[in-house]
Amino acid sequence: MKYVRSTDHGLTWRSSADLTGDRWCIAPLDRTDNMNEIYIGQLRQEPACATHPERIAVVYILAGGGPEGHLHDRYHRNIYHATFSPRDLRWRSATGHDLGTSIDDADQESHLLVARTELQATNPRSPDYISLVGSVAGGTLPFVVWMQLDDAAQVHVHTAAHVPVAGWLPLAGRRDTEVATGIRVRDMERVDELTWRIYATPDPAATGVLTFTLRLGTALRSESAIATSQPLQRIEVIGGHRAPAHVLATGSSSARDVGVADGDILVLG
């Protein structure tokens, strides 16, 4: 991974390589399992507050060839969490450990690992590409939400929150990180200091948007259903939205020929 940064409202840009001298900002090279690609599930800007300076929270997975060699996106594995500071260009773990201006494989395995998942022969692209990241309690409790597929392609939604000293835990009185099946999480928004709202779609694909509240990053509760004219494959909460436009959604169309333009773009209020 690389990034570019502007300090003049987008008039000019400098790359991370130019700013730091590092070729990559996230680069898990030389892994024996050939899992050296990165898929960032979500980035979230967190404004400065009493507990931390401005930062970008990041959740990501690994991808690669696994036992089949150096192949693109053949397998997925593991969940990682990090934060990036635009002020000093340094990466940090949930504990605040300073990783410097780039993340290598030793860094991520020692400090950023949220959940370890094994390579799967069936449905190998698990965990899914989409994952969510946020924090509660004034930024002191980071959490992540991700999806894994079983051999029957059923989607299992997981959450974990980072507790100081104890590390990444399921919380909410559970022993496991799994909180739901039969849905695909798409995006989320903050409700209050302890609660977020997750927007999801049914799985297998069907019409409608399902919303859930997530308390303390781990306790999931069904909230409401919103009818749509067709199944959806992407949902994006509009940052700083103003009524009536609240959520932008894209209809499912990836499995069809590119000449069939029936995906549609929907706005939810």
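- Side chains of Arg5 and Ser16: no donor on one and acceptor on the other come within 3.5 Å.
- Within 6.0 Å of CG on Asp30 lie no more than 12 heavy atoms contributed by other residues, nucleotides or ligands.
- Side chains of Thr117 and Arg77: no donor on one and acceptor on the other come within 3.5 Å.
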Check: For Val155 and Thr181, what are the C-alpha separation, side-chain angles and deciding distance, and is it a side-chain contact (heavy atoms from CB on, under 4.5 Å)?
Finding: CA-CA 6 Å; Val155 177; Thr181 58; over 6 Å; no
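- Put simply, the side chain of Phe143 does not reach to within 4.5 Å of the side chain of Leu132, judged on heavy atoms.
- Counting non-hydrogen atoms of other residues, nucleotides and ligands closer than 6.0 Å to CZ of Arg23 gives a total of 12 or fewer.
- Under the 3.5 Å distance criterion, with hydrogens and angles disregarded, a donor-acceptor pair is assigned to the side chains of Asp73 and Tyr129.
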Would you give me the side-chain donor-acceptor pairs under 3.5 Å for residues 58-69, sequence neighbours excluded?
unit_1	atom_1	unit_2	atom_2	d
Tyr60	OH	Gln108	OE1	2.8
Glu68	OE1	Arg74	NE	3.3
Glu68	OE2	Arg74	NE	3.3
Glu68	OE2	Arg74	NH2	3.3
Glu68	OE2	Tyr75	OH	2.6

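- Between Trp168 and His162, the ring planes are perpendicular. Angles over 60° get that label, and only those under 30° would be called parallel.
- For the residue pair Tyr80 and Glu109, a side-chain donor N or O sits within less than 3.5 Å of a side-chain acceptor on the partner.
- The closest side-chain donor-acceptor pair between His158 and Thr177 falls under 3.5 angstrom.
- You'll find the side chain of Ile198 stays beyond 4.5 Å of the side chain of Thr211, heavy atoms only.
- Using a 4.0 Å cut-off between a side-chain N of Lys or Arg and a carboxylate O of Asp or Glu, Arg44 and Glu189 do not qualify as a salt bridge.
- Closest approach of Glu46 and Ser135 over heavy atoms only: OE2-OG, 3.0 Å.
- Take Asp192 and apply the salt bridge (Lys or Arg N to Asp or Glu O under 4.0 Å) test, not counting sequence neighbours, and it matches no residue.
- One side chain, Asp88 or Ser85, offers a donor N or O that lies under 3.5 Å from an acceptor on the other.
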